[in-house]
Amino acid sequence: MADTKGKGNAGNISINVEGTLSLDQGSLILTEVAENAQGNGGAININANSVIVKNGAGINSLTKGEGNAGNINITADDYVLLENEGKILGQVTENAQGNGGFLEVNTDSLIVTNESELSVDNQGQGQAGNILISANSLELNTQGKITANNISREGGNIDLEAGNLLLRDNSLISAQATGEANGGNVTIDSDFIVAFPNQNNDIIANAQQGIGGNITIKVQSVFGIEERPLNPMTNDINASSARGAQFDGVVEIITPDVDLFQETAETPENVVDSNQVVAGVCNTSELARNINSGKANTFTVNGKGGIPPEPTEPFSAENIFIDGQSIPAVVEEERALQEQYPPILTSQGAIYPARGIVKNPDGTVTLTAYPTDNIQRVSHNSFNCGV
């Protein structure tokens with residue numbers, strides 16, 4: 001604890017921990033300007049791999065007298081966890097005079113859960129403090145709060161930079177102003193914002209008798225929350241003023257021009273125009289013209305001509321499996337080849353990959369479980385060309 005009870009500024013607190021800094025069971029790190037004292041609160045600077053504040057414990061910068069609250073700066077390489085009413089607060093209490101401090105958290109992951117909060121609050125005379133959070137992952141869960149509230153002058157500002165922002169179960173991000181104060185501003189820069197449906201998760205910058213603040217969200221996609229009047233049954237973004245619509249703040253949600261989740265396009269049906277391809281195929285000699293007199297050239301495309309299947313179509317089979325048995329061999333050579341290329345045993349039986357192809361005398365084609373080298377390309381005389 002570092003405080004001032006007379007005239008003068010409170011001292012600073014600096015904590016550097018290589019591992020985890022854990023505060024539990026009501027334990028407290030505090031800088032304070034006491035009642036009737038004059039001076040500014042001291043700063044709290046914490047550097048650790050991880051910080052845990054739980055079960056009523058807190059990190060507080062407090063002004064009860066005349067002076068500004070101190071700043072709180074927390075840097076944690078791995079994570080910061082607030083749970084079970086854990087609190088990080090910058091406060092100016094009722095009847096005090098001074099501005100709220102600056103609260104900054106830099107970490108990989110921040111989780112605020114089970115009625116915990118990270119807040120700057122001015123209930124006296126002065127401006128609320130500001131909050132800056134930078135995290136790859138930010139989660140508010142079960143009445144977790146990030147707030148910058150004020151009762152007079154200008155509301156506090158909240159600036160969140162998060163890879164992903166997750167809101168669930170009555171969680172709140174608020175730069176709300178009560179009394180005649182104006183709402184603060186909320187700025188969120190994130191890849192994705194996900195709010196679990198119908199759980200009263202809100203992002204607000206509204207006011208009572210003042211002007212609503214502005215909410216600016218720059219994001220790839222937003223799920224489960226939208227701008228609308230506050231409703232305990234929905235997830236809402238709101239910057240209104242109870243004074244009237246002309247005093248409302250501005251909500252701006254900026255998303256990319258390109259839809260990252262656009263629907264798959266249908267495969268075109270007519271990829272090849274046969275009328276354009278057939279021209280000039282046949283020999284234009286006198287013999288060809290005589291033979292093909294009165295016959296029109298034709299060109300037929302079967303299947304998709306190498307176009308990949310649509311996502312909803314099944315894959316082409318790469319293995320052949322007929323009742324767990326190989327295709328019967330009719331000669332000793334084929335039996336030897338079958339022994340050389342045994343089946344693949346699976347829980348569904350024996351599977352024979354197709355390694356070759358044989359054309360039977362009756363014109364049918366058989367896939368074989370062994371390689372074949374008797375496939376030859378045979379020239380085919382065009383009916384239209386007659387040669």
Side-chain angles (χ1 to χ4, degrees), residues 1-16 21 23-47 51 53-74 82 84-105 112 115-133 145-158 172 174-185 207-210 213:
M1 179 176 178
D3 66 347
T4 178
K5 297 181 179 179
K7 291 185 178 181
N9 299 330
N12 299 326
I13 297 176
S14 296
I15 299 174
N16 296 289
L21 173 64
L23 303 177
D24 196 358
Q25 299 297 331
S27 55
L28 185 64
I29 297 175
L30 173 67
T31 64
E32 180 182 18
V33 178
E35 291 185 22
N36 303 317
Q38 296 179 351
N40 296 324
I44 299 175
N45 299 300
I46 296 174
N47 288 275
V51 176
V53 183
K54 62 182 181 179
N55 298 325
I59 300 173
N60 291 6
S61 173
L62 180 63
T63 294
K64 296 181 179 179
E66 184 178 339
N68 300 326
N71 299 328
I72 299 176
N73 188 303
I74 298 175
L82 280 68
N84 299 329
E85 300 185 16
K87 293 178 173 59
I88 300 176
L89 304 176
Q91 290 181 297
V92 178
T93 63
E94 188 177 1
N95 299 322
Q97 296 182 6
N99 298 325
F102 192 91
L103 198 165
E104 182 174 1
V105 177
V112 184
E115 301 184 47
S116 297
E117 61 179 300
L118 191 154
S119 300
V120 290
D121 182 32
N122 194 324
Q123 295 298 314
Q125 297 296 317
Q127 295 181 351
N130 298 320
I131 297 175
L132 172 61
I133 294 175
K145 299 178 182 179
I146 296 176
T147 63
N149 298 329
N150 193 26
I151 197 171
S152 66
R153 299 187 187 179
E154 298 297 323
N157 298 321
I158 299 175
L172 177 66
S174 170
Q176 182 177 9
T178 56
E180 297 181 355
N182 297 325
N185 299 322
Q208 288 184 343
Q209 298 303 314

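Small disclaimer: the values here were computed from a predicted structure and weren't measured.
- Across Gly156 and Ala128, no two heavy atoms sit closer than the pair N-CB, 3.3 Å.
- Under the side chain to side chain donor-acceptor pair (under 3.5 Å) criterion, Asn95 pairs with no residue at all, not counting sequence neighbours.
- Without hydrogens or angle criteria, Asn157 side chain to Asn185 main chain gives a donor-acceptor distance under 3.5 Å.
- Contacts of Asn182 classified as side chain to side chain donor-acceptor pair (under 3.5 Å), with partners at least two apart in sequence or in another chain: Glu154.
- Minimum heavy-atom separation, Ala207 to Ala181: CB-O, 3.9 Å.
- The minimum heavy-atom distance between Thr31 and Gly11, with the atom names listed, is CG2-O, 3.9 Å.
- No donor-acceptor pair closer than 3.5 Å links the side chain of Asn47 to the backbone N or O of Asn16.
- For the atom pair CG of Asn60 and CG of Leu62, the computed distance is 7.0 Å after rounding to the nearest 0.5 Å.
- With sequence neighbours excluded, the residues forming a side chain to side chain donor-acceptor pair (under 3.5 Å) with Gln123 are Asp121, listed by chain and number.
- Between Leu21 atom CG and Leu23 atom CG the span is 5.0 Å, to the nearest 0.5 Å.
- The two residues Ser116 and Glu85 make their nearest non-hydrogen contact at OG-N, 3.2 Å.
- The CD1 atom of Ile59 lies 7.0 Å from the CD1 atom of Ile44; values are rounded to the nearest 0.5 Å.
- The nearest pair of heavy atoms linking Gly42 to Ser61 is O-OG, 4.1 Å.
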How far apart are the C-alpha atoms of Ile29 and Ile46, what are their side-chain angles, what is the distance that settles it, and do they pass the side chain to side chain contact (heavy atoms under 4.5 Å, CB included) test? CA-CA 10 Å; Ile29 297 175; Ile46 296 174; 4.2 Å; yes
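- Of the candidates Val105, Ile158, Val120, Ile146 forms a side-chain contact (heavy atoms from CB on, under 4.5 Å) with just one, namely Ile158.
- In this structure Thr63 satisfies the side chain to side chain contact (heavy atoms under 4.5 Å, CB included) test together with Val33, Ala69, Val92, Ala96, sequence neighbours excluded.
- Here the straight-line distance linking atom CG of Leu103 with atom CG of Leu118 works out to 5.0 Å at 0.5 Å rounding.
- For the side chain to side chain contact (heavy atoms under 4.5 Å, CB included) test, residues two or more places apart in sequence or in another chain that qualify with Glu104 are Asn73, Phe102, Asn106, Leu132.
- Residues Asn99 and Asn122 come closest through the heavy atom pair CA-ND2, 4.0 Å.
- For Glu117, the side chain to side chain contact (heavy atoms under 4.5 Å, CB included) test picks out Lys87, Leu89, Ser119, Lys145, Thr147, with sequence neighbours left out.
- Partners of Gln97 according to the side chain to side chain contact (heavy atoms under 4.5 Å, CB included) rule, which considers only residues two or more places apart in sequence or in another chain, are Glu66, Gln125.
- Side-chain atoms of Asn55 do not come within 3.5 Å of backbone N or O of Asp24 as any donor-acceptor pair.
- The side chain to side chain donor-acceptor pair (under 3.5 Å) check on Ser174 picks up Asn149, with sequence neighbours excluded.
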